[in-house]
Amino acid sequence: KMHLQKFDIKNKAPKIFFQLLGTFFIFFSIFFFEEFSVNEYSLINKIIFSHPGLITLLPVSGTFFIILFINDKNFLNLILSLKPIVFIGLISFSLYLWHFPVFSFVRLSPLDVDTPKEYIILILFIIFLSILSYYFVEQPFRKKKITSTKSLFIFLVSIIFALSLLCFHAYKNKGY
């Protein structure tokens, strides 16, 4: 069996090519994903252009190529090793978890977020929440000395109970 950790190509040209291809796939997805949304509904359009769909393979493949063919002595690795980029990677899971509820809340609230300045403030707020989550939720749960299985179980059951009460209250009052 071949493991990815032992996967190595001696020639640098294919490594650089696949890293550049991966970078292109990611940036192409960032800038042109919206253009792929098709107004006409058909099964083929849904399979190819919906998210997740076949179009999602572009950024996923790009990330795979970059990770697989990264080289310690090239420009891309130097950029990805910068402390701010590494920090964004550390809080990325929290960013992923916080961005949707915050944007959904703002969309449903009477707040109007129209200007780039307001979006920047909202994004900074999401980053702030993500940093708090990273240091006060993720990190403590990774330290087994601090978090026992019993305390984790009690915490999760408490959260489920509180959320159930909140949902029941919302249901009884026909929403908020």
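- Remark: the backbone N or O of Phe136 is not paired with any side-chain donor or acceptor of Gln139 at under 3.5 angstrom.
- For the pair Leu21 and Phe65, the tightest heavy-atom approach, listed with the atom from each and the gap, is CD2-CE1, 3.8 Å.
- If you take CG on Leu95 and CG on Leu90, they are separated by 11.0 Å, rounding to the nearest 0.5 Å.
- Contact record, Ser61 with Phe25: CB-CD1, 4.1 Å, taken as the closest heavy-atom pair.
- When all heavy atoms are compared, the tightest approach of Phe87 to Ile131 is CZ-CG1, 3.7 Å.
- Atom CZ of Phe93 is separated from atom OG of Ser133 by 10.0 Å, given to the nearest 0.5 angstrom.
- For the residue pair Ile85 and Leu80, the shortest heavy atom distance occurs at CG2-O, 3.9 Å.
- There is a path of hydrophobic side-chain contacts, each under 4.5 Å, that joins Leu68 to Phe24.
- Separation of atoms CD1 (Ile26) and OG1 (Thr63) is listed at 3.5 Å; rounding is to 0.5 Å.
- Panel note: side chain Ser92, backbone Gly89; a donor-acceptor pair is recorded below 3.5 Å.
- Side-chain atoms of Glu138 and Ser94 include a donor-acceptor pair closer than 3.5 Å.
- In the hydrophobic clustering of this structure, Val102 does not group with Ile121; members are Ile, Leu, Val, Met, Phe, Trp, Tyr whose side-chain heavy atoms approach within less than 4.5 Å, directly or through other members.
- Taking CD1 from Ile126 and CG from Leu124, the interatomic distance works out to 9.5 Å, rounded to the nearest 0.5 Å.
- The line from CG of Leu165 to CD1 of Ile160 is 12.5 Å long, rounded to the nearest 0.5 Å.
- Annotation: the span from Leu58 atom CG to Ile30 atom CD1 amounts to 12.0 Å, rounded to 0.5 Å.
- Side-chain heavy atoms closer than 4.5 Å link hydrophobic residues (I, L, V, M, F, W, Y) into clusters, and following such links, even through other members, never connects Phe168 to Ile159.
- Ring planes of Phe18 and Phe69: parallel class, angle under 30° (limits at 30 and 60°).
- Closest of all the heavy-atom pairs between Ile70 and Gln19 is CA-NE2, 3.1 Å.
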Derivation of the side-chain contact (heavy atoms from CB on, under 4.5 Å) call for Asp114 and Glu118: CA-CA 7 Å; Asp114 298 329; Glu118 291 169 336; 4.1 Å; yes

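- Both Leu82 and Leu76 belong to a single network of hydrophobic side chains, linked directly or stepwise wherever heavy atoms of I, L, V, M, F, W or Y lie under 4.5 Å apart.
- Scanning both residues, Leu129 and Trp98, for their nearest heavy atoms gives O-NE1, 3.5 Å.
- Cluster annotation: Tyr134 and Ile123 are assigned to the same hydrophobic cluster (Ile/Leu/Val/Met/Phe/Trp/Tyr, side-chain heavy-atom contacts under 4.5 Å, transitive).
- No donor-acceptor pair under 3.5 Å is formed between the side chain of Ser81 and the backbone N or O of Leu78.
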